[in-house]
Amino acid sequence: MLKRTHTCGELRKENTNESVNLNGWVNTVRLHGQVIFIDLRDRYGKTQIIFNSDDYSGDFEAVKKLSMEDVLSIKGTVQARGENAVNPNMSTGEIEVIVETMELLSETAPLPFVITDRESALEDLRLKYRYLELRTDELQHNIIIRHKSYQAVRSYLSEKNFLEVETPILMKSTPEGARDFLVPSRLHHGKFYALPQSPQIYKQILMISGFDRYFQIVKCFRDEDFRADRQPEFTQIDIEMSFVDEEDIYSNMEGMTQHVFKEVIGTDLPDPFPRITYDEAMSKYGSDKPDTRYTLYLQDVKQFTDMSDFNAFKSAECVKAIVVPGGVKYSRKMIDELTDVVKTFKAKGLAWMKMDAGHLTGGISKFFEDNLQKEIKNATGMDDGDIIFLIGDERSVTEKSLGALRVEIAKREDLTDKNNFKPLWVTDFPMFEMDEETDKLTFLHHPFTSPTTQDVNELDSDPESLKARAYDLTLNGYEIAGGSIRIHSPEIQNKVFSLLGLSPEEVKEKFGFLVEALTYGAPPHGGIAFGFDRLVMLLTGSNNIRDVIAFPKTTSALSLMDGSPDSVSEKQLDELNIQIKKKK
RNA sequence: GGGAUCGUAGUUCAGUUGGUUAGAACGCCGGCCUGUCAAGCCGGAGGUCGAGGGUUCGAGUCCCUUCGGUCCCGCCA
């Protein structure tokens, strides 16, 4: 092998007449009889190399057989391209390399799909041959963005005195939020480790140990169902700080996020980040992770629908509406499609009216007399050419379904500029919510989150009305981080466990070590965890988390490349004393 | 757990109300070609229509089951 003197993205006009060696993959072959053009590619770029039968000393017939993705090592001379031959689309487009000798380092088998075009194959095939898909410009770029993001996070936090500490991957299963991935123990019959859903308890214990600023870029595991932005294993930037309140978290994390965006993609984020309470987010956007790149606010119109002759909304707890400017263009078919969207969120239907020459027309407009129409126009700011969509239902159904409609309309109206970044803190989350299935109190964040009160009696009296000292950081409709100020008093922690329905025995068994640790001088502390994959996804402009993970799993948690999960041998099962039951 | 949608050549797709020998483009193989950069031109090979079952004289097309992909609801602090 002729070791490379340059990469395939490096040579310029200034290198003319230099003798160079290049190593890389054949990107394309253009065969013209006695002259052959090949774009040689590596991670750094592409360079056109030329085999000319007059000059090339080796076997020209062998060169004719080269095909895409063969791996070559060549020696040649850099030559400036003629004026008409310059390719302005390539960074190396002003030069080409006349090949003198070539060694075929590796011949490729016929390809399952064309690598230059990610669209050329369906995703399952691309995932099976992920190593080939990773050769595409887009994924190479994404992996580089991800690398830069790690570095930007580490350098910022390290500079601010945060210590990176590793925590165990094999840990105790605790009844927190998601289902655990379990790992059987060979040495301890019938016992299991769990993979961490997050290093939550360890990082709190690190605070008790005095490491007052901790971070870790760490894999977390949750055995739930997956989506475009959720994988079974994912990466968090896990952070915890002692002697802090919410404001310390906000300012440090704003600084880190601004630094990452500036370093990685050169974007300036707002300073400071705006904030909204959970209640206001739900009321105004119908979401706890509002996309604030566009308005389309939810507006309360119950007072008007109550005065109309439209009876379906009279008994509804909450009637809200979205006005879409220019929405008269919406056809019956489009409205039907939007109705399907809101129905998946349990809305019974989608009411609408269009405004033309100051009057409401179509949809449910006949139930609204003239004066009422004027009032609606004034209150909502609706104008000629607009459409108003209305939903009446229980508050949560109305808000969630209109929130989803708002996102769908923004997508259709192209209001979501990928290069426009709108971070937003969501604050004042409820401490608990009622689980409708079990009729038990459950936490919104996690059970270590501090309530806004330190009064045990207040906790007892009306837990559902309590707020938590929890916060999420959202960006363009994605939750990119979430955290809280933690409980550092063993009494409050025990109280919260008992409100969640855990018996003292269960608490002792599952969380005893944490509660005990809290008794030995626990500093007030709090923290946050960033969904690193989602953050990188936004930095790359993708809307698919698989695009920023080198070896992702499918939405059914399969790895199509290596075929995991898979069955194991009887011997392995025997060692673990595990027997596979028949399903059902 | 539920819903929607997709699966036809190596790949991306077309394939009408169920009806002759399942087509196109790219890729692959062979030939021609000294300035291309999505090179071009000529020729060729290539199909378990995801799998299994059913209805029918006849199924890529209709029905059932099943496997897999994607998106969503529930779920995921």
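Atom C1' of B/rG46 sits at a distance of 13 Å from the matching atom of B/rU11, rounded to the whole Å. B/rC64 sits 24 Å from B/rU70 when the C1' atoms are compared, rounded to a whole Å.
Tested against A/Ile487 for a side-chain contact (heavy atoms from CB on, under 4.5 Å), the candidates A/Leu514, A/Asn494, A/Val496 yield a single pass: A/Val496.
Distances shorter than 4.0 Å separate none of the side-chain N or O atoms of A/Ser53 from OP1 or OP2 on B/rU34. Between A/Thr344 and B/rC72, a side-chain N or O to OP1/OP2 separation shorter than 4.0 Å is absent. At the phosphate of B/rC75, neither OP1 nor OP2 sits under 4.0 Å from any side-chain N or O atom of A/Arg222. Contact annotation: A/Lys65 reaches the phosphate of B/rG30 (side-chain N/O to OP1 or OP2, under 4.0 Å). A close approach under 4.0 Å does not occur between any side-chain nitrogen or oxygen of A/Arg230 and OP1 or OP2 of B/rC73. A close approach under 4.0 Å does not occur between any side-chain nitrogen or oxygen of A/Arg30 and OP1 or OP2 of B/rU36.
With values rounded to the nearest 0.5 angstrom, A/Cys8 atom SG is found 12.5 Å from A/Arg43 atom CZ.
If you check every strand for non-hydrogen atoms under 4.0 Å, A/Pro112 touches sugar and phosphate atoms only. Within the 4.0 angstrom heavy-atom criterion, only backbone atoms of the sugar-phosphate kind lie near A/Arg546; the bases stay farther away. If you check every strand for non-hydrogen atoms under 4.0 Å, A/Ser556 touches sugar and phosphate atoms only.
Across every strand in view, B/rA4 sits in a pair with B/rU70 that passes the Watson-Crick or G-U test at under 3.5 angstrom. If you check B/rC13 for Watson-Crick or wobble pairing at under 3.5 angstrom, you find it paired to B/rG23.
Ranking B/rG1, B/rC37, B/rC72 by closeness to the A/Asp225 side chain, first place goes to B/rG1.
Remark: the A/Thr167 side chain and the A/Gln216 side chain contain an N/O donor-acceptor pair separated by less than 3.5 Å. Under the 3.5 Å distance criterion, with hydrogens and angles disregarded, no donor-acceptor pair is assigned to the side chains of A/Asp291 and A/Tyr285.
Salt bridge A/Arg179/A/Glu224: present, at least one basic N to carboxylate O contact under 4.0 Å.
Here A/His32 does not lie in a stacked arrangement on the base of B/rG35, lacking the combination of planes under 30° and ring centres under 5.5 Å apart.
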